[in-house]
Amino acid sequence: MLPRLRRWLLIALSVLVAAPGVAELSREEQEIVAWIETHNGEALELLERVVDINSGTMNFAGVREVGEIFAAELEDLGFQTEWLDGVSFGRAGHLIARWSVRQSAQPPDNRGVERIHFLLIGHLDTVFEQDSPFQSYELLDGNRASGPGTTDMKGGDVVLIQALRALEAIGALDEVDVTVVMTGDEERSGRPLEAARAVLVDSAKVADVAIGFEDGDGDPETAVISRRGSGSWTLTVKAKPAHSSQIFQPKVGAGAIYEAARILTAFREDLRSEENLTCNPGVILGGTDVEFDAGEARGGAFGKNNVIAEHAVVTGDLRATSPAQYERATRRMREIVAHNLPHAQTELTFSPSYPPMGASDGNRRLLALYDEVSRDLGYGPVQAVNPRNAGAADVSFAAEYVEMALDGVGLMGEGGHTVDEVADLSTLPMQVQRAAVLMLRLARRRR
C-alpha cells in the first residue's frame, strides 16, 4: 500500500506545484474544469446508486436496471437511447445511445463542418453475481469507496456520463457526434460472440475515435493503447478406472487426474517464459463422474480415494498480444496434450474471444494528446500501460476500425474482480476533466 499511497500523494502535490499549467487551458476548458468540480457530488451520488444494484452478468434484471439509470442520464442530455435485447446471444443485452447535431433542436452555425465521431465504451455488468457476499457501496477512510464495480466499471461509466455533461454545459456537445455503447456482458460474453459484439463493431465502423472507460491497471499515470486478446480453452480427459491399488500398473495407467496434472504442469513450464503470454486454468474437476456446465462455469464431481479417476475437465483462458502469438501458443498446447499417458484419452478445444488491440500509430497519437491534456490540467504525464498489466476489454473489438483508440481512462482504484475492489474517489474529477478536455480538443482540431 505504501508505494500506491506515495503515488497518490505525488499526484496531489503535482496539482499544487503545476497549478501554473492551468494557464495552458482555454477559457472553455477552464469552464469545463470548474463545472466538473462543482458537480462532483452528483457524480458520487450516481456512482453509489448504480453500485448498490447487483448487476452480475447473469443477473439480467440487474443489468437492465443499471442500463435504465444510465439511459435516463443520457436521455437528459438529448441522446436517443435503445436497449438491444440479448436473447440472441444469451445475455441481458446492451444500452446504445446516439447523439448527432442533426437531432439538435438548434443546430450550431458550424453544422457544415465535418465533425468528429466518438465511440464511447462502457459496460453495465460486474463479476459479482447475486450469490456473492460483495454487494454494496461503502465509503471508507481516505476518500475511498468499496463496492462491486466501483472501478470495473461503473465508476468508468460515471466518468463517461460526467464528461458528456461537462461538454453539454459549455455548449460543446453540438460540435461532435457520439455513440455510447454500454455492453451487458463484458465480464462473461454471450455466445455467439459475433452476435454479442455486432453493435460494437458496427458502431466502430462509422466512428473516428474509440475511448474505453475501463480502469486499466488502476494507475492514473497510465492509459491503454494496447491490450492482449483472450480466448478460452477446455481440456477433457478420460482414463481407465480401477482400484487405487493398481494405479501406475501397465494395464491400468495413472488415471484422469494425473493426466490433467501432467498437461497443466507442461503448460506452465512451456508457456510462462514468453513475454505477455499467459495461460490460466480457472476451473478443474476430476473423479469417477464429472458434471460441468460451461455456460454457468459451475460443476461437480464424485469420486472415492480408493478409485482411480476416470474423468477430468479443466477450463481456462489464454491471453496474447497478437494473433501470431496466440496461434503459436495453441499449437504448442495441442502438442503437449497429444503425448498422453497410457490408457488416457484427451481433447483440447479453443474458443477465441477478445481480439488483441495493437499499439497503432493512431493510438500513440491519441495517448500523446491525452498526456498533453493531463499535463495542462496539472496532473502530470501519462504513459502507455504495459499490456501485461491490463486485461482484455470491449475496446479491442472497435480498435481496428477507428483512426485512434484509447482505454483505461475510467475511475482509478485497486482490487478489481475481487471483494477487495476499492475506488480512489479523489481521481473521479481528474478523470472526468481529462476525458472532457481531450474530446473538446479533438473536436476543435478536426475543425
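Bear in mind that the values here come from a model prediction, so they are computed numbers and not experimental data. For the numbers below, each heavy atom of this structure counts, side chains included, while hydrogens, waters and symmetry mates do not.
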For this session: Kindly assign one of parallel, tilted or perpendicular to the pair Tyr354 and Phe397, based on the angle between their ring planes and the thresholds 30° and 60°.
Result: perpendicular
Restricting to salt bridge (charged side-chain N to carboxylate O under 4.0 Å, His left out), what partner residues turn up for [X], sequence neighbours left out?
| X | answer |
| --- | --- |
| Asp157 | none |
| Arg332 | Asp270, Glu335 |
| Asp293 | none |
| Glu48 | none |

Of all pairs that satisfy salt bridge (Lys or Arg N to Asp or Glu O under 4.0 Å), the ones with a partner from [range], not counting sequence neighbours:
| range | value |
| --- | --- |
| residues 356-371 | Asp361-Arg364, Asp371-Arg375 |
| residues 318-329 | Glu274-Arg328, Asp317-Arg319 |
| residues 75-84 | Asp76-Arg165, Glu82-Arg98 |

Problem set entry | Closest non-hydrogen atom pair, Gly190 against Ala196 |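 Closest approach of Gly190 to Ala196, heavy atoms only: O-CB, 3.7 Å.
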Seminar exercise, completed: Residues at least two apart in sequence or cross-chain that pass side chain to side chain contact (heavy atoms under 4.5 Å, CB included) with Ala261, listed by chain then number, are none
For this session: Output all residues satisfying side chain to side chain contact (heavy atoms under 4.5 Å, CB included) with Asp289, sequence neighbours left out; order by chain, then residue number.
Result: Phe302
Exercise. Between Asp125 and Arg188, does at least one N-O distance fall below 4.0 Å, as a salt bridge requires?
Worked result: no
Exercise. For the atom pair CG (Asp394) and CG (Asp185), what is the distance rounded to the nearest 0.5 Å?
Worked result: 7.0 Å
Exercise. Taking only residues two or more places apart in sequence or in another chain, which ones pass ring-ring contact (aromatic ring centres under 6.0 Å, His included) with Phe292?
Worked result: none
Problem set entry | Lys238-Thr346 side chain donor-acceptor pair, cut-off 3.5 Å | no
Problem set entry | Donor on one side chain, acceptor on other, Ser360 and Asn363, under 3.5 Å | yes
Problem set entry | Contacts of type side chain to side chain donor-acceptor pair (under 3.5 Å), residue Glu42, not counting sequence neighbours |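 For Glu42 the side chain to side chain donor-acceptor pair (under 3.5 Å) partners, ignoring immediate neighbours, are His39.
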For this session: List for me each residue that meets side chain to side chain donor-acceptor pair (under 3.5 Å) alongside Glu421, sequence neighbours excluded, and say none if there are none.
Result: Thr151
